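Everything below concerns the one structure shown next.
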Amino acid sequence: MAYDEQYTEPEHIEVLVQSVEGAPQEYAQLRYAHAGDAGVDLHCHGSFDIKPFERVLVPTGVAIALPAGYVGLVHPRSGLAAKQGITVLNAPGTIDAGYRGEIKVPLINLDPEHTVHFDDGDRIAQLVIQRYVEARFVPATQLPGSDRAAQGFGSTGVQA
Ligand SMILES: O=c1ccn([C@H]2C[C@H](O)[C@@H](COP(=O)(O)OP(=O)(O)OP(=O)(O)O)O2)c(=O)[nH]1
Ligand SMILES: [Mg+2]
C-alpha cells in the first residue's frame with residue numbers, strides 16, 4: 001500500500017463547550033491550532049505563579065459535554081515541559097463524558113530554580129478527545145496463556 005493511501009480523515013464529532021460563570025464568553029471558542037493536531041489547547045482563567053516543585057489546580061474557564069463513548073484526555077504541552085519544567089501532575093487527566101463541571105488542570109513546576117508566571121488566557125495544557133471502550137469485567141480463576149506470560153518490569157532481554 002502506498003504511504004498516501006494509508007491516510008484517513010479523523011472522525012469528526014461535535015462537543016458542546018460553555019464558558020463557566022465569571023469567565024469571558026470567548027473562552028468557549030476552542031480551536032485546533034493546525035490541521036492534523038490531535039490536541040486543542042486549554043487556557044488558564046486568571047493569572048498565577050508556580051514556584052519550584054509547587055502544584056496549582058488551574059481553572060480553564062470552560063466546561064464541556066462529550067458525547068457518550070468519548071473521553072477527553074488532558075495532556076501536558078511539550079513546550080512548557082521542555083522550556084520551563086511545567087507538566088500536568090495527573091497526566092493524562094481524564095474528562096469523563098458525563099462531567100459537566102469546569103475543566104481544571106493540576107500543573108506542577110518541576111524546575112528546581114525558577115518560578116513560572118502565567119497570564120490570564122495563556123495556554124497551559126491540551127485536550128485530546130478519543131473514543132473509549134467500556135469493558136464488562138468477568139471474574140476468572142485462570143487466564144489464557146500468552147507469549148509474555150507474567151514477565152514485565154524490564155524483563156525483556158534479561159536471561160531468566
Ligand atoms: O485533569 C483533570 C481530571 C479530571 N477532571 C474532572 C473531570 C473528570 O470527569 C472528573 C473526575 O476525574 P477523575 O476520575 O480523574 O478524579 P477522581 O479523583 O477519581 O474523582 P471522582 O471521584 O470524582 O471520579 O474530574 C478535571 O477537570 N481535570
Ligand atoms: Mg474517578
Side-chain angles (χ1 to χ4, degrees), residues 8-141 143 148 150 152-154:
T8 53
E9 273 287 319
E11 190 182 347
H12 290 91
I13 62 165
E14 275 185 11
V15 174
L16 298 178
V17 186
Q18 184 183 40
S19 59
V20 301
E21 210 178 311
Q25 295 278 320
E26 59 264 28
Y27 276 43
Q29 289 162 10
L30 299 185
R31 277 196 203 88
Y32 293 99
H34 306 100
D37 282 1
V40 66
D41 285 330
L42 294 171
H43 303 251
C44 57
H45 180 213
S47 61
F48 59 97
D49 289 330
I50 315 188
K51 297 190 194 97
F53 303 122
E54 191 184 31
R55 61 181 197 261
V56 175
L57 186 59
V58 184
T60 63
V62 293
I64 64 174
L66 288 164
Y70 294 86
V71 61
L73 299 177
V74 181
H75 290 265
R77 294 189 63 225
S78 57
L80 284 178
K83 293 178 201 154
Q84 288 168 293
I86 297 288
T87 191
V88 175
L89 182 56
N90 60 331
T94 305
I95 309 301
D96 298 293
Y99 181 68
R100 298 288 179 271
E102 180 176 13
I103 296 177
K104 294 183 182 169
V105 181
L107 290 182
I108 186 163
N109 180 1
L110 296 179
D111 187 282
E113 286 165 26
H114 298 106
T115 293
V116 180
H117 175 76
F118 289 86
D119 286 317
D120 185 27
D122 279 352
R123 292 168 298 154
I124 53 160
Q126 56 185 325
L127 181 70
V128 176
I129 294 171
Q130 289 181 207
R131 262 198 169 282
Y132 68 86
V133 170
E134 194 173 283
R136 185 169 57 87
F137 295 98
V138 183
T141 53
L143 300 178
R148 177 179 281 273
F153 308 98

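Remember, it's 1-based here, ligands and their atoms both numbered in the order they're listed. Values reported hereafter were calculated over all heavy atoms of this structure, with side chains retained and with hydrogens, waters and symmetry mates removed. Residues: numbered from 1 along the sequence shown. Not measured: the values here are computed from a predicted model.
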Output yes when a protein non-hydrogen atom is found under 4.0 Å of [atom], and no otherwise.
atom	value
atom 9 (O) of ligand 1	yes
atom 22 (O) of ligand 1	no
atom 16 (O) of ligand 1	no
atom 19 (O) of ligand 1	no

Using a strict cut-off of 4.0 Å, indicate which atoms of ligand 1 neighbour a heavy atom of [X].
X	answer
Asn90	1 (O), 2 (C), 3 (C)
Pro106	1 (O)
Gly93	1 (O)
Glu102	27 (O)

Problem - Spatial distance of atom CD1 (Ile129) from atom CD1 (Ile64) [nearest 0.5 Å] - result: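 Taking CD1 in Ile129 and CD1 in Ile64, the distance rounds to 5.5 Å.
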Exercise for the section: State the CG-CG distance between Asp122 and Leu80, to the nearest 0.5 angstrom. Expected result: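 So the CG of Asp122 and the CG of Leu80 are separated by 8.5 Å.
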Practice task
Consider ligand 1: state whether an atom of it lies below 4.0 angstrom from any non-hydrogen atom of Ile95.
Solution key: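 The answer is yes, since Ile95 has a heavy atom less than 4.0 Å from ligand 1.
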Exercise for the section: Please verify whether a non-hydrogen atom of Gly72 lies at under 4.0 Å from ligand 1. Expected result: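 Gly72: no contact with ligand 1 (<4.0 Å).
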Exercise for the section: Using modelled atom types only, decide if a donor and an acceptor are shared between the side chain of His34 and the backbone of Tyr32 within a distance under 3.5 Å. Expected result: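 Such a contact is absent between His34 side chain and Tyr32 backbone.
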Practice task
For the pair Glu102 (side chain) and Gly61 (backbone), establish whether a donor and an acceptor sit closer than 3.5 Å, ignoring hydrogens and angles.
Solution key: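 Yes.
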Exercise for the section: Taking ring pair (Phe, Tyr, Trp, His ring centres under 6.0 Å) as the test, write out the residues that go with Phe48, two or more places apart. Expected result: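 Per chain and number, Phe48 pairs via ring pair (Phe, Tyr, Trp, His ring centres under 6.0 Å) with Phe118.
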Problem - Nearest neighbour of atom 4 (C) of ligand 1 from the list Leu127, Leu107, Thr94, on a heavy-atom basis - result: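 Of the listed residues, Thr94 has the closest heavy atom.
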Practice task
Look at atom CZ of Arg100 and say whether more than 12 heavy atoms of other residues, nucleotides or ligands are closer to it than 6.0 Å.
Solution key: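 Enclosed: over 12 neighbouring heavy atoms sit under 6.0 Å from CZ of Arg100.
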Problem - Glu21, CD: over 12 other non-hydrogen atoms inside 6.0 angstrom - result: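 Count not over threshold, so no.
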Exercise for the section: Please write down residue, atom name and distance for the protein heavy atom closest to atom 2 (C) of ligand 1. Expected result: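 Minimum-distance protein heavy atom for atom 2 (C) of ligand 1 reads Lys104 O, 3.5 Å.
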Problem - Distance-only polar pair, side chains of His43 and Asp41, donor-acceptor under 3.5 Å - result: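 Side-chain D/A pair, His43 to Asp41: absent.
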